[in-house]
Amino acid sequence: HGFFWVPQESTFAGGLLVRFGSSMAQRRTWRSWSLSTPDWIRRDRHALHLLYLWRALHLGWLVLVVSFFLVLVFR
């Protein structure tokens, strides 16, 4: 499932909550894609560009959070 879209079969409680297994599968996929590139993404130029953009944004977010806490600690 995505961030803003979740298929009906991945939800319960009338669509209000996402199933735990579906959330775990999403996190596992994100972790594996942050370190490796699947073959189907390598063949799709647009998907590869989006994956590189996602990795850059993810890295930028991590640098921002770590920098914030370093400033607080060494202030």
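No hydrogens, no waters, no symmetry mates; every other heavy atom, side chains included, goes into these values.
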With a 4.5 Å cut-off on side-chain heavy-atom distances among I, L, V, M, F, W and Y, is there a chain of contacts connecting Ile41 to Trp30? yes

Distance, nearest 0.5 Å, that separates OG of Ser23 from CZ of Arg28: 11.0 Å

Non-hydrogen atoms of Thr29 and Ser32 that approach each other most closely: O-OG, 3.0 Å

Between Ser36 and Arg31, do the side chains contain a donor N or O and an acceptor N or O under 3.5 Å apart? no

Residues 45-54, side-chain donor-acceptor partners within the protein, below 3.5 Å, at least two apart:
none

Assigning hydrophobic clusters by single linkage (Ile, Leu, Val, Met, Phe, Trp, Tyr; side-chain heavy-atom cutoff under 4.5 Å), is Leu72 placed with Trp61? yes

Tell me whether Val66 is reachable from Val73 by hopping between hydrophobic residues (I, L, V, M, F, W, Y) whose side-chain heavy atoms are closer than 4.5 Å. yes

With rounding to the nearest 0.5 Å, note down the distance linking CZ in Phe12 to CZ in Phe20. 11.0 Å

Taking every non-hydrogen atom, the tightest pair across Arg55 and Leu35: NH2-C, 4.4 Å

